[in-house]
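These notes concern the structure reproduced below.
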Amino acid sequence: MLQVENLTVYYKTIRGYVQALEQATFKIADGEIMGLAGESGCGKTTLGHSLIYLRPPMNYIGGRVVLDGQELPIWDMEKMREFRYRHVSLIPQYAMNALNPTRKIGRMIAELLESRGVNYNDVLPELKRRLDLVQLTHDVLKMYPIELSGGMKQRTVMVVSTLLNPSLLIADEITSALDVSTQKAVCEMLVEFRDRGFVKSTIIITHDISILYQIADSILVMYAGQLSEKAPSEIIFRDARHPYTRLLIGSLPKVGVRYREERLRGIPGSPPQLLNPPPGCRFRERCPVAFDRCVEVPPFLEISPGHFVACWRAY
Amino acid sequence: MLSLEHVTKIYRLGAFGLQKLIAVRDVTFEIGEREIVSLIGESGSGKSTIGKLILRLIPLTSGRICFEGTDVSTLNGRSLKEYYRKVQGVFQDPFASFNPIFKADRIFRMIREEFYPGMNAREWSEKVEGALRAVGLNPPDVLNKFPHQLSGGQLQRFLVARALLLDIRLLIADEIISMLDASTRVDVLNLLADLKARGLSILFITHDLSLGYYISDRAVILYRGRIAEMGPTDRVYNYPLHPYTEMLMEAVPRLDRKWDEEIRVEREGELASMAVTGCVYASRCPKAIDICKEQEPELKEAEAGHFVACWA
Amino acid sequence: MVRYLGRKIFIYLLTFFVAVTIDWLIPRFMPGDPIGMLLSRIGSRPEAFKYLYTYYVQAFQLDVPLWQQYVNFWKGLFQGDLGVSIWMYPQPVMTIIRRAIPYDIFLLLPAILLSWFAGNHVGALAARIRWLDNTILPLGYLLTATPYMWLALVLVWFLGNQTNLFPIAGAYSPQYRPHLSLTFILDVLHHWFLPFLSLFLVMFGGWAIGMRNMIIYELESDYSRYLEALGTPQYLIRRYAFRNAMLPQITGLALQLGGIVAGAVATEVVFAYPGIGYIILNAVQNKDYFLVQGCFLFIILGVLIANFLIDLVYVLVDPRTRLGMTGE
Amino acid sequence: QPQTVTVTVVQTAPPVKETIVITPTPAPAAEVVYPRNETLYTSGKQWGPPTSWNPLQTGAYAMGVIGLCYETLFLFDPLKGEYIPWLAESGKFVSDLVYEVKLRDGIQWQDGKPLTAADVVYTFELGKLPGVYYAGLWNWMEKVEAVDDLTVRFTFKEVRYQSWYNLLYSVAIVPKHVWEGRSDEENVNGPNLPPMGSGAYMYETHSEERMVWKRNDNWWATKLLGRSVAPKYIVDLVNPSNNVALGRFLKGEVDLSNNFLPGIATLVEGGYPVKTWYDDAPYMLSANTAFLFMNTTKKPMDDPDFRKAMAYAVNVDEIVTKVYGNIVQKADPTGLLPTWAQYVDKAVVDELGFSYNPDQAKRILDQAGYKDVDGDGFREAPDGSKIELKIMVPFGWTDWMESIRVVASSAQAVGINLQPDFPDFGGYWDQLTGGTFDMAINNFGSQMSDTPYTFYSWLFRSPIEASMPNGNFGRYDNPEVFALVDELDKTPKEKMAAVISKIQRIQLTDMPAVPLWYNGLWAQWQDAYWTGWPSAAEGASKYLPCTWNGYWNMTAILMLTELKPAQQ
Amino acid sequence: MEREVLQEVEELKQLPRPIRSEFVYFAWRNTKLRIGVSILLLFVIFAIVGPFFAKYDPHAYIGPMGAPPSREYWMGTTTFGQDVFSQFAHGTRSTLIVGVLGGCLGTMIGILIGLFSGYRGGLVDEFLNMITNIVLIIPTLAVLIIIATYLEVRGILTQSVFIGCTAWPWAARAIRAQTFSLRVREFVDLARMSGRNSLNIILTEIAPNMMSYLLLVFILQFGGAVLNAATLDFIGLGPTRGVSLGLIMNNAVLWAALQLGQWWWLLPPGAAIAAIVGALYITNVGLDEVFNPKLREM
Ligand SMILES: Nc1ncnc2c1ncn2[C@@H]1O[C@H](COP(=O)(O)OP(=O)(O)OP(=O)(O)O)[C@@H](O)[C@H]1O
Ligand SMILES: Nc1ncnc2c1ncn2[C@@H]1O[C@H](COP(=O)(O)OP(=O)(O)OP(=O)(O)O)[C@@H](O)[C@H]1O
Ligand SMILES: [Mg+2]
Ligand SMILES: [Mg+2]
């Protein structure tokens, strides 16, 4: 059970603060896989990282993060250390390079675990079971990362990251570098990990929304540092309330749709600068239904159970 | 218009090129007038290599590529320039396509210097603005800026506009939308469709099947440098003949249908070597029979215009 | 692996051949007449001059055509014969080099290894301890930037002449005849220390700086970030960073070790230490073709062997190189 | 015992056998030390590792091979101008063409065999081999024979007095019983290791850095002359550089240094425990003359007026005081060393001699037509062509480098465009001997000796050939003076003055080369371990304190017999 | 010494795209850069104006012999009575000239070879690579000694030339690696599709992208050249005419300045070289930090 309240995180740059995450408030239930979607640069990674690994130039501005009833000291790199891995874990965007290239994987895992006070040999049977689960031979433990293919590395990192059964797993863009077939396999594994209780809640960050449709229980859509909408995935696809979400979904090509038959439409305009963004709803400029109220920031309200929207038009 | 005949590309690696990597093997297909052909395949299957071969950016190992009847490998100097007047490419990473330290419109200047040295400044700037408008950009917004001041979609359109400055007949679009946001993607895709309407042929290289379906007339499915299947898009998508294509179709995340939990995708082959006898897909193929392991299947016409390379 | 080795060996052999050919050519293009110089040194009287001149030209085979000299050179090389030195006539080049090399090893090996070891550790420390970074590093830069001879001379003057702590030249006191005894060994060490120290100081700075920067890069790399995100304690991350940062340093070390044979011309000149460096300088100044050639040959061999070993060692310690090897 | 291995080094004709010596590796048993208070440490002769112990290879042999190990029939004392019988008891012309030497009775080789007339005959007959430095002797000597065990008779075709007396004290007698078993090749070109002579010291060991001699306790001179040498060992250190030489000397590691040590005057004056021959300027004896050679085959150096102007132009005093800090002396206009002062014809020098006088130089140049026509500050030749000259010395010969800077600026001061140039020694030597240089400094053949003939035969070396490695670098071609020099050789000592006077007249009129200053007999020593050093001081002995080749038999060996251990 | 630092430059994997104002901002904030550049500027200014303040011909014997620093002779005099300050001023100038020229040449050759071998690849690359390796193998100093003896007259120009000619391999290697990564960038392909020829592409597309990198390489080459020149001067193979800091030291050593207590003759030139080269190295590190955001301190 993860509760995020008014989380605000900025990047400090020489020209001022980049307001990459503004007043984020949402909840993830145990066993929920939440997809985090939105266009590039809208703050998805920022949100993901701030839950586990908030370090300069990221600046903690405000807000609370409560995991399983315990507040995470996310603003303190050192205090956070204890929570990382055991409670919150991460499959990073750069999973391909996340393993120390000069250590055999098994040895690296052992050292990693020992350093966290866990006995490698105790965990080894479980580790092997999970390798089986992701269809990796046990030999990978005796190999160097370079000897594995991209997909294998990806899966290895998945296993490593979830080995201590964290209650929150953040998977950042883990499928974008993979082929469709591998993509599917990896996604199914995430679901399986959840099903088997290796992790409780999962946040999957991706810009490939069709994947979220396949595996996510709920989807959180962000726009320019603000949360736009969160709802069970079916609802996001069938009955989204935020105009941005609707336009986004509408622009996705589907197999079986050809341009001659149905011409898709993009969203005109481009997102605002996050350095000194305009006040109010940040989608205002591009929104077809914007009106004068939109100069105020719309609150992220629950309009039906599990369906949150931040849009004056939607309430 | 453009035809590839038994095109093979072998990269030589290591000191003195003692190692070989077969990136493209015996590929034969054509692109007709006003046709969008999508080239689909997983990463490393040789899609970009084919694009670069057509664009003469890398030399061919064997086979022939003919553009309007002339073998492109014979071109050089002037004739190569003439070729580029008709055939151009746009690549995957819009940011990498611009030299980050120069302003973005430098790519237009380069075209002018090389292809229109005589044209006067006003005429030229009109031409440029025309091309920019044609790709849906507002010239004053985008001219005179550095690449990092423009968005990926804008840059990608810049590149298309650049190609339009020449009287191109064929555009090689190598994953031109994979780095773009979902919403911008569509605009660029639609732009391609418009170009076709203006009489261009397009080789649309992608790994995203839904995009390939959206835009193309014909699809070529590549697996490890070989053509697995090709034919009219709807035939290939709806009635795939090759097990690989079938698997792909199954794995595509669709918005109208959830993945079938029952059909488990075979994991990719773990570091299988390139040099195998028989069908390259055999090791992953659920339907493989004995002959698959021994002999390489030829590309056969299964129905009109629909080819497949599979023993089954 | 075998193919990889075979290819490497081929390239090394080719490089060796070309380098040795250049090595053979260089002294032959030196201006000046080596025999004339030899005789001017011998100070022969006019009566004997002409006879000796022709005698020596023949003795050194300088009268045969160049290509013949070249062929003879390779022939000799395969028999381990590098000819006779002109400067130290009539000693064979091989003898001279063999005598000098132990001094180089004795002086440079400890200097290189210790400075490498100390430099790497101090550099790694500096990468995380601020005050060290602000003291040792500037010192390191200053040391690497100091003209070596100058530093050595100031050391000689201060520790040798002013405070009389150390002898200033030679490999051992002229009182002794080389033998195995504690006094002699102590005497040798006493003479060794100043040249060693000067080399150590200068090399130390370079290693420390290199290590510090490399560690910083490693600490910023993806795998460090991943470990950190998993809450791994700093010590483990640093250990990994150190190990990985070490790899380029190993290359540097190997190159330096390969260069041992080259000696340290500057050190050996300042401290009159009888290594190859000292010999090279004299050989060049005396137009001693054969000696110059012989010294270079050993240097080339040293560097090539070191490079080759590094290629091999790298395969063992850095799995990343194995990829390029198998060509997958 | 060193191990001697004979290896064929060169395959093609002529087949040459080289004796390659593997340095004896001492048994790592007992500690062998050359105790500081029993050992004389010297330096200054050896600029490279010792490689030859063959007394026939003058100049190449290790420090002390002739003098300490091999000995000569006579010694020569240049300060007194006297020959001192040494191995010989006496020697005299018994007739016009016959010279007879009587050897001392009881001289033994270091291996205990007696030294007899046969050895002397053998030694001189070696001169018949090409390549031996006294090979020229046999052009005018008929034969040499042993009359009895102690008497040797030399019969000449023609007597060349100067050459003969010179050889009498410079040819080292070698043991026939050792040498006759070896090939001529080896005798002339081999390293002759270990050397075995009759002298006060025996070969002990050598290495890259030093040469070690050990006292011969059965030296004949102790019995026959009552002279003995005190140092049990002599260790001669190889010079790596002047800097190291000075450092070692200041640390007291060297007793006698024959290095050129810059600033030695400062140290002597500054109260360091350093001694030199004179305790005031010029501190050192003079050993040879530095000449300014001008290439007389080139314009404008072919013009005697120009050369004379150069002689007047050079500010030698500045060289002496600034560059050398007064440790050298200005040369006499004739260039003859102080030890040959008796041969200087005062009248000729008064009439034709020169001294530093830039105005005179300008006057001579003006008169000869060297004028600055184009106004660039430098004179042009009378035919209007530009004059751009270079003066060279080898790079790294610092005192000379500084000196030619002075020479160049002196020349510039009188309007001659002369620039200093510092090729490395190889380049210098090529240009000097090949006659392609403009001007250069050299002193090689002007060393102190028993006769000014050696000096003149170097200065006026003839004939002029393509390569001139043995003197007359300026290629001054004057048959008249060549004839005079030859005549000088055949003139007995007492009649030399007349011939020399003629030579000097020509020399000062034509000025083929300008004597500038006398290089010192660099020698500095300290008393910490050894006393009894010679010096100009009252009561001190007057033998030469010098380890250079050729000086041991110019009384340096006698200097050694005077040394006593210092009271510790 | 220089190599280690270069190596670290080689590690610079990706070059940022500096926005100009950002560059200036970080450059100004970087203490190392500030210190390094200030020291360098000091010496450059001194090299330019110093000789005008030097009252005497550096070689002329004008003063008392071996006098310590005084009001008249700011840095004392040599054994011969030459003014050390005049020598120092002129020497600094020529030392910097050698550094710049040698550094430029080394960098330039390195750039040419590195760019070509990186851009062309294949056999050209193999060949150039082998040359680079061979030049690397042959001991620089020893070759410099030989080259130096070739020349009868050596000036600072020739010295710069042969220092530059032997110092380039490291630069070439580093630049080659950079070029390799740049030549597969898509803008290069784009230029080719615009009909540009190879030379044009190398010069106008690839080289400008490495500017910051080239600057770093140049600085290291500069420092290396100064040190190499000093060593050559020291072993007596420096310019046969003129004066440089290395030559002053050489003379001071040959005339036993330290042993005779004339520290003012030997110490300043060595210290000056250390300061110049040290400043260059520090500048290099500073620039590296500025160019590379990973090393920046926020
Ligand atoms: N180190 C940084 N310094 C300054 N601004 C940054 C930094 N990293 C990210 N930003 C800015 O913060 C905003 C959010 O970035 P973030 O990486 O969270 O986006 P994202 O949604 O994950 O994008 P993507 O899909 O491309 O990964 C962006 O506008 C970006 O420009
Ligand atoms: N310049 C090159 N040198 C050597 N091998 C290369 C080179 N370029 C590509 N390859 C190899 O050729 C194969 C095909 O590459 P290509 O870039 O054509 O694949 P792709 O289908 O475009 O993949 P992606 O979807 O990742 O772009 C790959 O295995 C790749 O590693
Ligand atoms: Mg591609
Ligand atoms: Mg004039």
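Residue numbers begin at 1 in each chain, while the letters A, B, ... track the order of the sequences.
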Under a 4.5 Å heavy-atom cut-off, does chain C meet the side chain of [X], its backbone, both or neither?
X      : answer
E:V253 : side chain
E:L245 : neither
E:I35  : neither
E:A279 : neither

Any chance you could measure C:Y141, atom OH, to C:I209, atom CD1, to the nearest 0.5 Å?
->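 Between C:Y141 OH and C:I209 CD1, I get 4.5 Å after rounding to 0.5 Å.
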With a 4.5 angstrom heavy-atom cut-off, which part of C:L304 approaches chain E: side chain, backbone, both or neither?
->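 The side chain, not the backbone.
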Chain E heavy atoms under 4.5 Å from C:L219: which part of the residue, side chain, backbone, both or neither?
->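 Looking at C:L219, nothing touches chain E.
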Do the side-chain N and O atoms of C:N244 and C:Y223 include a donor-acceptor pair separated by under 3.5 angstrom?
->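 Checked: C:N244/C:Y223 side chains pair up, N/O donor to acceptor below 3.5 Å.
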Does a donor on one side chain and an acceptor on the other come within less than 3.5 Å for E:N251 and E:Q87?
-> no
Heavy-atom pair count under 4.5 Å with chain C, highest-scoring of E:T31, E:V277, E:I276 |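 Result: the option with the highest number of such pairs is E:V277.
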Picking from E:A271, E:G270, E:A275, which has the most non-hydrogen pairs under 4.5 angstrom with chain C?
->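 Maximum pair count with chain C is reached by E:G270.
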Look at the side chain of C:N120 and the backbone N and O of C:W116, then say whether any donor-acceptor pair between them is shorter than 3.5 Å.
-> yes
Heavy-atom side-chain proximity of E:I113 to E:R176 below 4.5 angstrom = no
Assign the ring pair C:H121 / C:F242 to parallel, tilted or perpendicular, where the plane angle (0 to 90°) is split at 30° and 60°.
->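 The arrangement is tilted - the two ring planes meet at 30° to 60°.
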